[in-house]
**Student:** 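Provided herewith is a single structure, encoded as structure tokens, for subsequent inquiry.
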Amino acid sequence: METMNVQGLVAAIERLASVLEARAASQETARVCWPEEEGLAYWYRRVGGRGVLQPVRRPHRLRLDDLKDIEPQKVRVVRNTEQFLAGRPANNVLLTGARGTGKSSLVKALLTEYADRGLRLVEMEKADLVDLPDVLACLETRPERFIVFIDDLSFEEGEPAYKMLKSVLDGSVWAQPDNVLLYATSNRRHLMPEFFHENEGTRHVGEEVHPAEAVEEKISLSERFGLWVSFYPFSQEEYLTIVAHWLRSFGVGEAEIEAARAEALQWAIERGSRSGRVAWQFARDWAGRHGLPRKEPRG
């Protein structure tokens with residue numbers, strides 16, 4: 001019993017230290033100021049110990065119509081975003097699932113679709129999330145509406161950014177600004193590694209299941225995203241549909257697209273994935289080998 005009490009005390013001290021470390025790191029950075037040069041998308045970074053919103057000169061422009069075979073996911077994310085732009089209640093969004101299935105591309109396509117309605121994108125790295133309160137305080141004063149985008153988000157035990165993000169989402173007396181939402185992508189549904197031994201503390205009370213504290217802690221962050229959108233691996237035909245779409249964007253005719261099917265499938269086998277990203281990469285390779293001009297995804 002004494003050993004358990006000591007372990008519990010050590011765990012509590014470690015959690016407190018993480019929170020204090022995150023807070024101290026946040027306070028070290030000067031308040032984030034709006035840049036003189038404006039843009040549609042911004043990248044948050046630290047320069048000389050200060051937080052800077054750096055305009056992106058060439059945003060990656062994608063169209064919603066370019067994203068194939070993820071219609072249910074598009075519908076949910078677009079509906080939430082339109083609610084946000086209309087000033088109605090909307091949720092922070094967590095997009096999870098297989099790699100290369102369009103999670104990040106969907107967020108980028110929202111900027112192309114809604115920039116003329118005042119939508120702006122701010123991308124942050126996971127390590128910089130300790131500065132998130134300063135970034136939100138800066139954005140709160142602006143007339144635009146912002147999606148703070150965190151790509152490929154996952155955490156290991158004890159990272160300060162984990163505690164800060166958890167607090168900002170739904171655990172602080174300070175409310176999230178009305179003109180800001182957080183959209184994050186991850187290959188992990190609960191954003192942290194999960195281990196078998198953590199389930200050993202799960203208890204059954206009658207027909208109810210009470211997860212162990214370690215499991216509850218890991219679930220608690222992802223639950224603070226109000227909207228979960230799951231993405232799944234593409235079937236062979238879905239993959240070929242995406243290949244055909246991108247080949248058409250290079251001006252390739254239907255007969256040549258049909259002839260390229262076998263090559264596209266071999267390309268996917270070699271890469272070990274039938275994803276939208278792999279389909280785009282094949283189309284670029286095919287177009288280059290056949291002398292077609294360079295082209296980026298349309299927007």
Side-chain angles (χ1 to χ4, degrees), residues 41 56 58-78 93-113 121 123 125-126 149-154 183-194 222 227-299:
V56 178
R58 294 184 61 215
H60 190 180
R61 305 300 294 272
L62 284 163
R63 301 183 311 170
L64 289 172
D65 287 344
D66 285 328
L67 307 179
K68 303 299 182 183
D69 293 301
I70 56 168
E71 289 305 318
Q73 294 89 339
K74 280 199 289 187
V75 167
R76 298 183 69 196
V77 174
V78 164
V93 181
L94 178 61
L95 304 94
T96 65
R99 67 186 190 276
T101 49
K103 302 184 295 296
S104 303
S105 295
L106 179 51
V107 179
K108 296 171 188 175
L110 293 174
L111 180 64
T112 303
E113 186 76 14
L121 197 66
E123 183 165 3
E125 299 291 336
K126 177 186 69 173
F149 175 44
I150 309 121
D151 194 24
D152 197 21
L153 181 63
S154 65
Y183 283 23
T185 70
S186 180
N187 295 329
R188 292 172 172 171
R189 186 175 181 85
H190 292 140
L191 303 177
M192 295 185 72
E194 300 177 59
S222 58
L227 181 62
W228 287 7
V229 182
S230 299
F231 290 71
Y232 306 97
F234 293 122
S235 68
Q236 177 172 298
E237 284 307 309
E238 288 170 336
Y239 165 74
L240 290 172
T241 296
I242 299 168
V243 168
H245 168 76
W246 288 123
L247 287 176
R248 290 188 192 101
S249 77
F250 283 101
V252 179
E254 296 303 314
E256 291 173 294
I257 291 174
E258 182 66 24
R261 285 170 61 96
E263 282 188 69
L265 290 176
Q266 184 61 37
W267 181 277
I269 291 171
E270 292 173 354
R271 296 295 298 273
S273 172
R274 290 194 301 255
S275 70
R277 181 181 299 124
V278 169
W280 164 244
Q281 291 165 346
F282 169 77
R284 283 172 60 94
D285 178 78
W286 195 97
R289 286 188 285 110
H290 289 78
L292 298 177
R294 176 174 176 171
K295 182 180 182 63
E296 294 301 321
R298 294 175 298 178

**Student:** Please find the pair of heavy atoms, one from Arg277 and one from Arg99, that lie closest to each other, and give the distance.
**Tutor:**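 Smallest heavy-atom distance, with atoms named: NH1-C, 4.3 Å.
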**Student:** For the pair Ser186 (side chain) and Asp152 (backbone), establish whether a donor and an acceptor sit closer than 3.5 Å, ignoring hydrogens and angles.
**Tutor:**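 Absent.
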**Student:** Could you tell me whether the side chain of Asp69 reaches within less than 4.5 Å of the side chain of Ile242, counting heavy atoms only?
**Tutor:** yes
**Student:** Are Trp246 and Val252 side-chain neighbours, meaning at least one heavy-atom pair lies under 4.5 Å?
**Tutor:** no
**Student:** Got Lys68 and Glu238 here, is their nearest side-chain heavy-atom distance under 4.5 Å?
**Tutor:** no
**Student:** Could you measure the distance from the CG atom of Leu111 to the CZ atom of Phe149? Nearest 0.5 Å is fine.
**Tutor:**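 CZ of Phe149 is found 11.0 Å from CG of Leu111.
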**Student:** For the atom pair OG (Ser104) and CD (Glu123), what is the distance rounded to the nearest 0.5 Å?
**Tutor:** 8.0 Å
**Student:** Are Thr101 and Tyr232 side-chain neighbours, meaning at least one heavy-atom pair lies under 4.5 Å?
**Tutor:** no
**Student:** Side-chain contact, heavy-atom cut-off 4.5 Å: Phe234 with Ile70?
**Tutor:**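 Yes, close enough: below the 4.5 Å cut-off.
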**Student:** Could you report the tightest heavy-atom contact between Asp65 and His245, atom names first, then the distance?
**Tutor:** O-CE1, 4.0 Å
**Student:** Using a strict cut-off of less than 4.0 Å between a Lys/Arg side-chain nitrogen and an Asp/Glu carboxylate oxygen, indicate whether Arg289 and Glu263 qualify as a salt bridge.
**Tutor:** yes
**Student:** Any idea how Trp267 and Phe282 line up, ring-wise: parallel (<30°), tilted (30 to 60°), or perpendicular (>60°)?
**Tutor:**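 Perpendicular, since the angle between the ring planes exceeds 60°.
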**Student:** Drop me the distance from Leu94's CG to Lys103's NZ, to the nearest 0.5 angstrom.
**Tutor:**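 With rounding to 0.5 Å, CG (Leu94) is 10.0 Å from NZ (Lys103).
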**Student:** For residues Val229 and Arg76, report the shortest heavy-atom separation together with the two atoms involved.
**Tutor:** CA-NH1, 4.1 Å
**Student:** Under 4.0 Å between a Lys/Arg side-chain N and an Asp/Glu carboxylate O for Glu256 and Arg248?
**Tutor:** no
**Student:** Which distance, rounded to the nearest 0.5 Å, do you find between the CZ of Phe231 and the CG of Leu95?
**Tutor:**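 Spacing of CZ (Phe231) from CG (Leu95) equals 5.0 Å.
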**Student:** Answer yes or no: is there a donor N or O on one side and an acceptor on the other, between the side chain of Ser230 and the main chain of Gly97, under 3.5 Å?
**Tutor:** no
**Student:** Roughly how far, to the nearest 0.5 Å, is NE2 of His290 from CG of Asp285?
**Tutor:**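 Reported to 0.5 Å precision, the distance equals 9.5 Å.
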**Student:** From Leu240 CG over to Arg261 CZ, what is the distance, rounded to the nearest 0.5 angstrom?
**Tutor:** 4.5 Å
**Student:** For Val78, what residues pass the side-chain contact (heavy atoms from CB on, under 4.5 Å) criterion, not counting sequence neighbours?
**Tutor:** Leu64, Glu82, Leu110, Tyr114
